[in-house]
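Worksheet: one structure, shown below.
When reading the values below, keep in mind they use all heavy atoms of this one structure, side chains included, and skip hydrogens, waters and symmetry mates. Just so we're on the same page: letters track the sequence lines, and every chain starts at 1.
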Amino acid sequence: MSKRKFVVKSGMIDLINFAKMIPERKAHLENGPLRRVPATYPINELAKLNHPGKMELCVSDIIVHSEDVKSYILKAENSNKKLAPFRAGQYLTVQLKIGNSLVTRPYSIASTPNDARKGFYNITVKRVPDGFVSGYILDNIKIGDKITAFSPEGTFVYEPIRDAKTVVGIAGGSGITPFLSLAGSIADGTCDADLVLLYGARTSKDLVFKAELDELGKNDKITVVYVLSDSKEKGYEKGFITAELIQKYAPETYSIFLCGPKAMYEFAGKEIEKLNIRKKFVRFELFTSASKASQIPGFPMDKDGLTFELTVRQFGKEKKITCLSNESILVALERAGIEAPARCRSGECGFCRSKLVSGDVFVPSNTDGRRIADIKFGYIHPCSTYPMSDIVIKID
Amino acid sequence: MSKWDAIVIGAGNGGLSAATTFAQAGKKTLLLEKHNVPGGFATSFRRGRFEFEASLHELCSFGSVPGMGNVRRIFEELGVYDKVEWCRIPDAYRMITLKDPENYDVTMPFGVAAFIDKMEQYVPGSRPSMTKLFALGEKMRDTGEFFGNIKGFDGKLVMDILQDHTDFIRVASYSSNEILKAVGVPKKARDIFNAYWCYLGEDTDTLSFVHYMGMVERYLSTGAVCAKGRSHEMSCAFQERFEELGGTVYFNSFVDRIVMKNGRAIGVHIAGRDEIEFADCIVCNSSPHNAIGKMIDPKDLPEMAVRKTNARKFAGRGFTMFLGLDKSPEELGVTNHCYMIYDTADTVYQRKSMNTIEGNNAQATCCLNLAVPGCSPEGTTIMYFTTLYTEDCWSKVKEEDYVKTKEYVANKMIDNFEKATGAKIRDAIEEIEIATPATYARYTDAPQGTIYGYNSEPWDGIVPRILMTGSDDLIPGLYFAGGYGTQLLGFGSAYTSGYQVANRIMKKQEKGERI
Ligand SMILES: Cc1cc2nc3c(=O)[nH]c(=O)nc-3n(C[C@H](O)[C@H](O)[C@H](O)COP(=O)(O)OP(=O)(O)OC[C@H]3O[C@@H](n4cnc5c(N)ncnc54)[C@H](O)[C@@H]3O)c2cc1C
Ligand code: FES
């Protein structure tokens, strides 16, 4: 065959067909319709609705649960604008200017996806002692204030294809918020799951949203169990959320979703281990705010309390600031008023990914959410990385 | 005068290779990316204890020397090859049909001889025609390599083609099936041979033979690879190389306007920033539809740029389900790296069915562990399931039905996979993520969530596109790289197109022509 010429139709026709290709294409192109090329498409608009990036919101109402816990009803500043839809369990990241600092904090959305369709989100903020942002919000934000937030993110959501039919929710403190959303969406029929909620608090007074939860608990698909650690009260479980307690209320197969402060996380984590259930049936949301890095296992103690120089490159410009070995690099950036990308602040989402140009850092292994190639090519997630020497990073 | 010799909009595969090609030639280059990672679709993401490959099934044209594929040569020439840890793909594909009267379940190996042998087993008597077909394919490859190495377009090119590539000329205007029939390949062997068609998104009655054969031949003769650190590793490697060569990258930089002066593109504006970045030339890795439709002021657009853009038709809109499973491939019964699962081997029927969400039962499914052992923790598996929609059917999905629709397709893919292979995966799902056309639209701003650039319409196939390379330019000073270019879709094509366009521009400059 290599010697003989290959012919498809006939030598002549093949050549003619070949010769026709360019003029034919030229004609098609030049006769394309003369109308405006679309600037966007329905699918792209749906994508923008789902992920608008920055959202300008305003506080339309504040519900005071106590001095230390308040709910903020957020609406779009421009009332013609739809809010980004979300899935129960996701969070908003609010961005605030406090003094010279430009900070972000994630807050789970306590209201339901249907509420967002109706035009509002509810985030509930609990005071963290010595916290920087929670206290500021609680003491300063008023009705009518504008709030900048980033579109809903997060993977702490019920996935019917993956999860068991029943979710055993373990909540403590402000960790109740994603479950309130989940319960609400089960009650309104948007989510097809059963929920057994084990909600831990010190005393019944510390139970936020108790009235709402009691109401939701009347639904066949929702069971709410309050677990009080510090007081014995009628109608409540007393103690901590243990393996036995989970077994007492859970059906045969279930997915555990856990969200709460660090202490609960550590305690319940051990209890869950005793249950010996597959990883696929256990999901956590890291809710804890930044504690002192020197308390993290593996922290090089000889570096405790040191101050270093942090050189920040962004869009071709350079700035030198200081950073502390005890604070994440993201905090140093925010303290200096630099707008640094961030969402989850717990190493997971990758939004803060930055190039470590030079210097040594400490990356705690339990919050190291980097990709394989990012580690190989020298990238860090500043929200969960601590400086161990003078460092240079590129954050654009 | 300009601040930059070249600005590249978008750090997808085409943008990365264009930018690196410029930088290697000493051009002062600015690469702008709206995301905070390079690569566009060539990326990865983490969920729980898994890191998923976002898009790549396999990269072809990547044989080892000799018979070096041109994509590999580009990686080597640009100094990126050694920065990546490569893994070989074990076998070519397994095609299973769910409703075809022939009930296909065939596994095809790499290597032309092995492929022909296997075909003879499945379709006795197919050997002579298959042998003839691959002999023709080899010539197409030579021509393909020749095209792949074109650094610029001129009249001499046509003469070279006429002289040295006569077989190419004879087949160039025909579809894959026309040539397969002309060569005498039996129906069953055609069905098996055509299985890769969905990688090119067009049925084999329409798809150019040169295009399809070129791809199959490259896969089979040189095998295929992927990067150990997912395609994110390839993207990072490109970026690192670009910066080593003195290039500048800005992430989180969304270009919302191309600045025009006297009919020329002279600079870009980045959303939210004050100054304008000026350059001698601009290479856009985003779709020409975006550049013409929203980045350039309509009053600055020549009529022909509008007509030419409107004439094109989008190719497939992407959908992928990613699964992290808590059992090993053996435990699941997953034995192959790449499964092509269809209702039928009739590509015309099948492609047509892909115009609706309900009708579409085609899927290309990959198990990453079989190409990259150890890519997930011991006793777990990573799989991803991809399909295309040939129409914009997802735009009819209402916001409140969006999540349910995702789940509907995901369930269908799982069921079809289990039915086709007998493997049991549903109960082992530990992580699931679903990307729809809306996800792709968000991720790269691709119109309608297209992942395949412009469709290979009968008049807009690879051959006339390549032959018309220079005359496709729409606006002086503005060029395009990536899946919307001459080489059409695919990783290799996108890398090649960026490399070629940068070289074409520089060649023009050398000759003193206005770019
Ligand atoms: C996914 C997710 C969802 C969450 N949902 C909720 C929720 O629904 N409700 C809720 O109440 N909480 C929620 N949280 C916790 C919440 O995001 C905050 O961590 C919490 O409100 C505490 O913030 P804080 O700033 O008060 O405390 P911290 O984060 O502990 O504040 C101290 C931090 O501020 C830094 N800092 C100190 N001074 C400055 C300065 N001048 N400039 C900049 N930084 C400084 C410190 O170094 C330290 O890191 C959630 C967390 C996550 C990860
Ligand atoms: S903010 Fe999410 S990883 Fe740093």
- Are Phe314(B) and Tyr41(A) close enough, and set up right, to give a side-chain contact (heavy atoms from CB on, under 4.5 Å), and what steps lead you there? CA-CA 12 Å; Phe314(B) 295 127; Tyr41(A) 308 83; 3.8 Å; yes

Top contributor to chain A contacts, counting heavy-atom pairs under 4.5 Å, from [options]:
options                                    : result
Pro447(B), Gly229(B), Ala305(B)            : Pro447(B)
Lys308(B), Glu233(B), Arg426(B), His232(B) : His232(B)
Thr439(B), Val183(B), Val249(B)            : Val249(B)
Gly461(B), Gly449(B), Ser253(B), Ser44(B)  : Ser44(B)
Thr248(B), Asp427(B), Ile292(B), Thr436(B) : Asp427(B)
Ala428(B), Pro458(B), Ala227(B)            : Ala428(B)

With a 4.5 angstrom heavy-atom cut-off, which part of [X] approaches chain B: side chain, backbone, both or neither?
X         : answer
Tyr379(A) : side chain
Arg35(A)  : both
Pro33(A)  : both
Lys26(A)  : both
Thr40(A)  : neither

With a 4.5 angstrom heavy-atom cut-off, could you sort out which part of [X] is near chain A: side chain, backbone, both or neither?
X         : answer
Arg170(B) : both
Glu407(B) : both
Ala237(B) : both

- Task: Check the pair Phe254(B) / Glu33(B) against side-chain contact (heavy atoms from CB on, under 4.5 Å), numbers first and verdict last.
- Result: CA-CA 6 Å; Phe254(B) 180 75; Glu33(B) 167 58 49; over 6 Å; no

Could you tell me whether the side chains of [X] and [Y] share a donor-acceptor contact shorter than 3.5 Å?
X         : Y         : answer
Asp460(B) : Tyr454(B) : no
His51(A)  : Arg442(B) : yes
Glu56(A)  : Thr148(A) : yes
Glu53(B)  : Ser231(B) : yes
Asp368(A) : Ser365(A) : no
Asn290(B) : Ser287(B) : no

Best-contacting candidate, [options], against chain B by heavy atom pairs under 4.5 angstrom:
options                                   : value
His28(A), Met21(A), Arg162(A), Lys48(A)   : His28(A)
Glu348(A), Lys355(A), Lys82(A), Glu30(A)  : Glu30(A)
Glu24(A), Glu159(A), Glu45(A), Lys279(A)  : Lys279(A)
Leu15(A), Asp163(A), Ile161(A), Leu46(A)  : Ile161(A)
Asn31(A), Ile395(A), Asp374(A), Thr155(A) : Asp374(A)
Arg117(A), Gln314(A), Lys9(A)             : Arg117(A)

- Are Arg273(B) and Phe315(A) in a cation-pi contact, defined as NZ or CZ under 6.0 Å from the six-membered ring centre and within 45° of the axis? yes

- Query: Do Arg317(B) and Tyr389(B) meet the cation-pi criteria used here (NZ or CZ under 6.0 Å from the six-membered ring centre, within 45° of the axis)?
  - Reply: no

- Task: Step through it carefully: locate the ring centre of His35(B), locate the ring centre of Tyr443(B), and say whether they are under 6.0 Å apart.
- Result: yes

- Message: Could you go through Asp256(B) and Lys294(B), starting from their C-alpha distance and side-chain angles, then the distance that decides it, and tell me whether this counts as salt bridge (charged side-chain N to carboxylate O under 4.0 Å, His left out)?
- Response: CA-CA 8 Å; Asp256(B) 58 3; Lys294(B) 65 177 178 185; over 6 Å; no

